[in-house]
Amino acid sequence: MKALVLSRLSGLDALAVQNVPEPTLKAGQTLVRVRAGGLNFADLMTTMGGYPGTPAPPLVVGREFAGVEISGVNDTSGRRVMGYAQWAAFAEKTAAYSNMVWTIPDHWTDEQAAAFPVNYFTAYLGYWQAGMTPQPASESGAPSLSRSSRQGGAFDSAKSGRTPRVLIHAVAGGVGTAAVQIGQLLGVDMYGTSSSDEKLARVKELGLHHGINYKQHDYEEVVKNLTHGEGVDAVFEMLGGEHTAKSTRCLRDFGRVIQYGTATGKSPKLDLRAMYAKSASVQGLWLTYLSQKREIMEPAWQQLSEWIRQGKLTPQIGQVFPLDRAVEGYKLLELGKNYGKVVLQIE
Ligand SMILES: NC(=O)c1ccc[n+]([C@@H]2O[C@H](COP(=O)([O-])OP(=O)(O)OC[C@H]3O[C@@H](n4cnc5c(N)ncnc54)[C@H](OP(=O)(O)O)[C@@H]3O)[C@@H](O)[C@H]2O)c1
């Protein structure tokens, strides 16, 4: 079968479509004929060996996909599914764990489905870690994740009675556009950064309230001015380096930086003084880890699938490439030129 193979950890020049053997199923896995793949920033980092846990090359790359089940553990063949995997999704066939595949909504294309799992679970769990998702069903009637005591100190809309605020970095990207759609449903006041006015204009149409072009303005200053010096309750931070400290300075009392990436390639720097000053915190979020926790993923899917059923979530696809032009998609992410998700057509 055809697959996108990374032959060494040297960057995009090491990517090529090759013929490889079909996957063999492990216990709990289902075989999927892949039609589309969702490209993630993690795929770009993988090409340089910059993503934790990358197996030794050569390896078939790709973390998420949409397609049709060929043989399922419960005889689910023929079902259209979207799925999350760590590797080997950009191939004509992939073996996926059945708890990491979800039925594609009838009204979605394969491309839309391939753009869903990583972006929407990550964004939803960001709001969850920030304490902005609904209270457990027993308290509010809405399905949601119950928050453990470890979430204490984050924003609690039920108790505060005010509108929560979030600053979303790379707001026009894959996770960013998902965070805007979810934030609108959660009633969050959203601030977002991007390098481009054009991208910001598109995200505003999705519901972003305040767009900040960081090439032209200092986002710390803008947030301070727009919030009358108060700051935001949470920052979705995926840049790393000095931006972790800078984002902490954008927080209001008891605010939380949700650190879920390091797109600058630099280790996050902390500003402990800013953390002390406002009892603020920096908390990590890694979908690879959280996806292993059924008690977290199932309620998240329950809420996300309900919104999908109501037609309230629409994955944003900026660019689509056939598999043999995948490198062009990777380059868009590298240059920060993508809008929303870059999708690869596999079939
Ligand atoms: N922890 C997790 O579980 C998890 C899950 C998913 C994604 N992530 C992380 O979240 C971030 C976004 O991922 P994504 O797949 O949705 O990508 P993306 O946001 O669609 O693309 C990256 C965007 O980041 C912005 N950017 C800012 N500084 C950049 C830089 N130095 N280099 C490249 N891009 C830069 C660019 O947008 P502007 O030009 O508009 O600023 C670019 O379009 C990545 O850091 C990724 O590793 C983490």
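Counting starts at 1 for both ligands and their atoms, in listed order. Just so you know, residue 1 is the first one in the sequence shown, and it goes up from there. Computation of the quantities below employed the complete heavy-atom set of this structure, encompassing side-chain atoms and omitting hydrogens, waters and symmetry-equivalent molecules.
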Return yes or no for this condition: an N or O of Ser194 is under 3.5 Å from an N or O of ligand 1.
-> yes
Determine whether the side chain, the backbone, both or neither of Ala172 has a heavy atom under 4.0 Å from any heavy atom of ligand 1.
-> neither
Checking Lys246 against Tyr219: charged group under 6.0 Å from the ring centre and within 45 degrees of the axis?
-> yes
Nearest non-hydrogen protein atom to atom 43 (O) of ligand 1, with distance, is Asn338 OD1, 2.6 Å
Tell me which one of Ser291, Ala263, Gly336, Ala115 gets a heavy atom nearest to atom 32 (N) of ligand 1.
-> Ala263
Are any of the N or O atoms of Lys199 closer than 3.5 Å to those of ligand 1?
-> yes
Gly173, any N or O under 3.5 Å of ligand 1 N or O | no
Any N or O of Leu239 closer than 3.5 Å to N or O of ligand 1 = no
Atom 10 (O) of ligand 1 [closest protein heavy-atom partner, distance rounded to 0.1 Å] | Tyr260 CE1, 3.1 Å
Atom 6 (C) of ligand 1 sits nearest the protein heavy atom Val118 CG1, 3.5 Å
Before signing off on this row, confirm whether Glu334 and ligand 1 have an N or O atom pair separated by under 3.5 Å.
-> no
Sub-4.0 Å atoms of ligand 1 with respect to non-hydrogen atoms of Gly174 = 16 (O), 18 (P), 19 (O), 20 (O)
Short side-chain to backbone donor-acceptor contact, Gln181 and Ala178, under 3.5 Å = no
When only distance counts, is Ser195 in polar contact with ligand 1, meaning an N/O pair under 3.5 Å?
-> yes
Ionic contact status for Asp271 with Arg249, cut-off 4.0 Å = yes
May I ask you to check whether Lys337 has an N/O atom sitting below 3.5 Å from an N/O atom of ligand 1?
-> no
